[in-house]
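Computed from a prediction, not measured in an experiment: that's the story for all the values here. Nothing fancy with the numbering, it's 1 onward along the sequence.
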Amino acid sequence: MIRWISAVSRRFARVDRKGRSAVTSTLATLGICFGVMTLTVVMSVMNGFQMSFIDAILEVSSYHLRAVEVPVELEAELKSACENEKRITACVPFYEAQALMTGVKGGALAVNVRAADEAIYYEDEGFQKELNMLSGCFDFSEPDSIILGSTLARNLGVRVGNEVNLLVMSGGSDVGLFSSDRIFTVRGIFTTGYGEINNSYAFVGTDSAEKYFGTSAKKIWGIKLKKYDDDLKTVSLLKKKIPELNIVSWRSFNRTFFGALRIEKNMLLLLVALIFVVVAINIYNGMRRLVFERRTEIAVLSALGARKSGIKAIFIMRGFITGTAGAFTGVILGLIISLNTDVVFTLAAKLMYAVQYLVTALTDRANLQYVQVNSSYNLYASIPARVFPGEVVAITLFGILSPLIASWAASRNVLKMTVSEVLHNE
């Protein structure tokens, strides 16, 4: 049955290589191709743009999991459980406090001060990857050393070697709210992919936490995972081993921000996916015309014993071939562009510059000196595209299904006229 359907479908395709049917088929294939290609590139660039924020937050700020209020007698057991779990890559303790910091320029800025061992920079690969040192080094070997975010350092007017003061600091009853003696020396300045961290984060050593944070400062254990979406499974496993643990997932941190990113991505996906709706409508209209043009052949096939479902399958096969050819071609082109966005945007910048230069040379040569390469393309080229295989598969399937559904809808009325009426009209 399938061989017969395929043979008749190919026969119809060979006959339809000329004329309006051929144009309709070609445009439909190109529409699917460009739709899949555009959606693949847009989603890859959007993933890279969003994940630069998310990775910085998870690797530097919130961690994938946090174990809070861990009793001292369970700390060794927690560390051992994390070392023996394959999903976990790091488990480090730290302290946090909020403060108002003053610098050379005067004034005060709100900062989140995190106290941790300097080993986290060298042992935690994710932390080191996301936190890039612009000047100085991540070193707390000297007492009262501090590492500042780049925007925070610029707003305070300080550089490596300058001093800052934690004028106001949150803490327990044994911590002075106001003090002019909490003087720290800047040993390094860092930057991340998330501006909020650059603007409000500072790191100090654990000895500074013992000295300034007070005895009531709570120790927090930050846990890193190989895959951030394994958080719920890892929480369940750790709680089975240590039921007393209070573990919080990254999903609880920055929930509003992550939700906004998800909505932005879904809305963009919906808008670009409208391309497939337009293509599906065109395929539906083209297939209906094709069914009408082939009414004589359909009547003959029916008279020879072909079932209505088999005749429908001939046109559905055409839609499937159109969708498959367009989708796979579009995916290949989309992946090539996504993996080479820097090259594509650089070439686009040069092309636009050449066009502007040519038009200006022909119309107003006096203004040639003002023609420059658009710097916006350099910004676009710096965005690292990130391809998620699951999304690529979903886009491909959607590109195949849209013409398939349109062809099925168009073939429903394939035999509204009787065989005798069609042959009589002919």
Side-chain angles (χ1 to χ4, degrees), residues 1-44 46 266 268-295 297-298 301 306-339 387-415:
M1 183 68 174
I2 296 178
R3 292 179 61 186
W4 176 81
I5 293 171
S6 178
V8 176
S9 180
R10 287 197 303 271
R11 176 63 178 172
F12 281 1
R14 284 196 296 269
V15 174
D16 294 333
R17 283 179 181 173
K18 297 180 180 180
R20 296 171 61 187
S21 298
V23 174
T24 302
S25 179
T26 302
L27 291 177
T29 304
L30 290 176
I32 294 295
C33 174
F34 286 116
V36 171
M37 180 189 71
T38 303
L39 198 53
T40 301
V41 173
V42 168
M43 296 307 296
S44 299
M46 177 60 74
N266 291 338
L268 183 62
L269 176 64
L270 179 62
L271 291 174
V272 179
L274 290 176
I275 296 174
F276 295 113
V277 176
V278 175
V279 173
I281 293 173
N282 291 335
I283 292 175
Y284 173 77
N285 293 328
M287 197 63 69
R288 286 193 64 182
R289 185 172 63 250
L290 181 63
V291 169
F292 179 78
E293 292 174 351
R294 292 283 171 262
R295 62 188 183 279
E297 290 87 341
I298 292 171
L301 290 173
R307 296 180 179 178
K308 186 176 181 179
S309 58
I311 298 174
K312 284 183 178 181
I314 295 171
F315 297 97
I316 295 175
M317 177 71 75
R318 291 285 300 275
F320 175 74
I321 293 173
T322 299
T324 303
F328 280 101
T329 305
V331 163
I332 294 172
L333 293 176
L335 291 177
I336 292 174
I337 296 174
S338 298
L339 297 176
V387 179
F388 292 162
E391 291 183 353
V392 174
V393 172
I395 292 170
T396 305
L397 291 177
F398 197 66
I400 295 174
L401 287 176
S402 58
L404 196 62
I405 294 173
S407 300
W408 171 80
S411 66
R412 286 187 303 170
N413 300 325
V414 70
L415 280 180

Can you tell me how far [atom2] of [Y] sits from [atom1] of [X], rounded to the nearest 0.5 angstrom?
| X | Y | atom1 | atom2 | answer |
| --- | --- | --- | --- | --- |
| Met37 | Ile336 | CE | CD1 | 10.5 Å |
| Ser44 | Phe388 | OG | CZ | 9.0 Å |
| Leu333 | Phe34 | CG | CZ | 7.5 Å |
| Ile337 | Ile332 | CD1 | CD1 | 12.0 Å |

Qualifying residues under side chain to side chain donor-acceptor pair (under 3.5 Å), relative to Thr40, sequence neighbours excluded:
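Partners of Thr40 under the side chain to side chain donor-acceptor pair (under 3.5 Å) test: none.
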
Partners of Val331 by side-chain contact (heavy atoms from CB on, under 4.5 Å), sequence neighbours excluded?
Val36, Leu335, Val392, Thr396

Could you pull out the closest heavy-atom pair between Ala327 and Ile32, with the gap in Å?
N-CG2, 3.5 Å

Looking at every non-hydrogen atom in both residues, tell me the closest pair between Val41 and Gly334 and how far apart they are.
CG2-O, 3.7 Å

